[in-house]
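Encoded as structure tokens, the structure appears first; notes follow it.
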2 protein chains.
Amino acid sequence: MPAKRPPVPLSRERIIEAALHIADGQGLRRLTMRRLGDALQVEAMAIYHHLPRGKEALMDALAEHVTTVAVEPSGAASWQEVARAWARAARTALLDHPGVLALALTKPPRGTALTAIREQTQQLAEAGLDDAPRAVRTLRAFVMGSVAVEIQRSGWAAGPADDDEDALPHPGPGSGTAALAGREGAEPAEEAVDAFERGLEAVLRGLAPA
Amino acid sequence: MPAKRPPVPLSRERIIEAALHIADGQGLRRLTMRRLGDALQVEAMAIYHHLPRGKEALMDALAEHVTTVAVEPSGAASWQEVARAWARAARTALLDHPGVLALALTKPPRGTALTAIREQTQQLAEAGLDDAPRAVRTLRAFVMGSVAVEIQRSGWAAGPADDDEDALPHPGPGSGTAALAGREGAEPAEEAVDAFERGLEAVLRGLAPA
DNA sequence: ACCTGAACACCGTTCAAGT
DNA sequence: ACCTGAACACCGTTCAAGT
């Protein structure tokens, strides 16, 4: 059998991963430094060595994580195609982690998330779009709003929201657009994709220069 | 001088009002049962008598409050006018309370908020719109996303988000669309209204049957 | 009916100490 | 350099008790 020490060194990445697991599985309110320590087989205080500002830094890191997306440049694309690619990537990233959506929609972009936004802006400008910064703001608003109603309708935060709940088990860690509940089996989640794609085309038309 | 007792009976409404004041002024994380009690000149435990499920009920009530809007029927309006009125009212209500935006974007609508959504749906249907439920979802997504980027850009949650911060004073209780900061005095908040109105028109065009 | 006081289990964070 | 243990101030919530 393997040696018991060292159990794995503990790193910013492992901390964030474990934190997302807890938040998605039990709600943001149950994400506790002590619980996070337990999940990482470590005392809670060890986390402060990797995230000096403590829980505040952790929350920032979580928001940054689910809000950082990358799309390869692909030089010959229209600005519409570029915009579609970014919007879809952003939606998927947010949908994957419903537990930290409240942070993602609320905290201003920082670090890698800000870099990603700049990259998106540049790609749109290079694809010939006039006011790329405005387009990015509009696209971000569209994606955030769409995901907000999707998560709300999924019943994910029925009890807890960015809070917590009492005992009911959460749907569990999100895996993409999977595992929606639906009031009476009514909404197959394909409807959500359709609504998103249709809305996206409307936004793109609204963004067109003419 | 007036008698010292009773200081004012304490009610659900007064509790919610005080809670909004704290959340908007210092961030959601600083909204504490004990602090809320202090603000109401009462022991924290007294709150449980008016909100039996405690903090969970308080959070639900706050989300419900900032998410409940009313628009008078005005029978002879086009569905576009009806949609505009609802969208503007919803935006203003959310913008007034940045401290609880995370709850509003995250918790599924309940109680009066749900009633308001049904009322909106009915008004749109009566104004001749075909798939009113879908339109309401699209409009809600648009409003939520727009407000999310507006609040993010205002720098309201620079430190705290739905969390808290350390010592920096918040911009203070929001008063409508007032008191945005702007990176270098760049964005006069009029730009935000313009973007909202333009986006709204694009959404309305996208919603049109043809 | 409405509020209080004391108590309990649990937080985030510090700091000195271990290795 | 990395982690631990004990400690401190502060949480949410309970319950019996006051009025």
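Every chain is numbered from 1, with letters handed out A, B, ... down the list of sequences.
- Here the rule is side chain to side chain contact (heavy atoms under 4.5 Å, CB included) with B:V66, and of B:L103, B:V100, B:D96 only B:V100 fits it.
- Atom pair B:H49:NE2 and D:dG18:P shows a separation of 17 Å (rounding to whole Å applied).
- Nucleic acid contact class of A:M45 (heavy atoms, under 4.0 Å, all strands): base.
- Minimum atom distance to the side chain of B:K55 is reached by D:dT13, of the listed C:dG12, D:dT13, C:dC2.
- Rounded to whole angstrom, the span from the CG atom of A:L28 across to the P atom of C:dC11 amounts to 14 Å.
- Comparing C:dC3, C:dT13, D:dC3 against the side chain of A:Y48 picks out C:dT13 as the nearest.
- Taking atom CD of A:Q26 as the reference point, atom C1' of C:dC10 lies 15 Å away to the nearest angstrom.
- When rounded to the nearest whole Å, the span between CZ of A:R30 and C1' of C:dC11 equals 14 Å.
- Contact annotation: A:H50 side-chain N/O to D:dC3 OP1/OP2 distance is under 4.0 Å.
- Of the charged side-chain nitrogens involved, at least one lies within less than 4.0 Å of a carboxylate oxygen, so that A:E81 and A:R84 count as a salt-bridged pair.
- In this structure, B:K107 does not pair ionically with B:E64, as no charged nitrogen and carboxylate oxygen lie closer than 4.0 Å.
- Whole-Å rounding puts the B:E43 CD to C:dA1 C1' distance at 18 Å.
- The distance from atom CG of A:L40 to atom C1' of D:dC2 is 14 Å, rounded to the nearest whole Å.
- Between A:T32 and the phosphate of C:dC10, there is no side-chain N or O to OP1/OP2 separation shorter than 4.0 Å.
- An OP1 or OP2 oxygen of C:dC11 is reached within less than 4.0 angstrom by a side-chain nitrogen or oxygen of A:R35.
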Review point. Under a cut-off of 3.5 Å for both distances of each Watson-Crick or G-U pair, what dot-bracket string does DNA chain D give, using [ ] for crossing pairs and | for inter-strand pairs?
Key: ||.|||||...|||||.||
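- Under the 4.0 Å criterion applied to side-chain N and carboxylate O atoms, B:E191 and A:R134 are not assigned as salt-bridge partners.
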Exercise for review: Could you go through the side chain to side chain donor-acceptor pair (under 3.5 Å) check for B:Q26 and B:R35 one step at a time?
Suggested key: CA-CA 11 Å; B:Q26 327 186 28; B:R35 237 187 293 257; 4.8 Å; no
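- One can place CD of A:E56 at 16 Å from C1' of C:dC11, the figure rounded to the nearest angstrom.
- For A:Q122, the side chain to side chain donor-acceptor pair (under 3.5 Å) partners at least two apart in sequence or on another chain are A:E126.
- In this structure, of D:dT4, D:dG12, C:dT13, it is C:dT13 that holds the atom nearest to the side chain of A:R34.
- Counting only distance, with no hydrogens or angles, the side chain of A:T32 and the backbone of A:R34 share no donor-acceptor pair below 3.5 Å.
- Between B:R29 atom CZ and D:dC11 atom P there is a gap of 10 Å when expressed in whole angstrom units.
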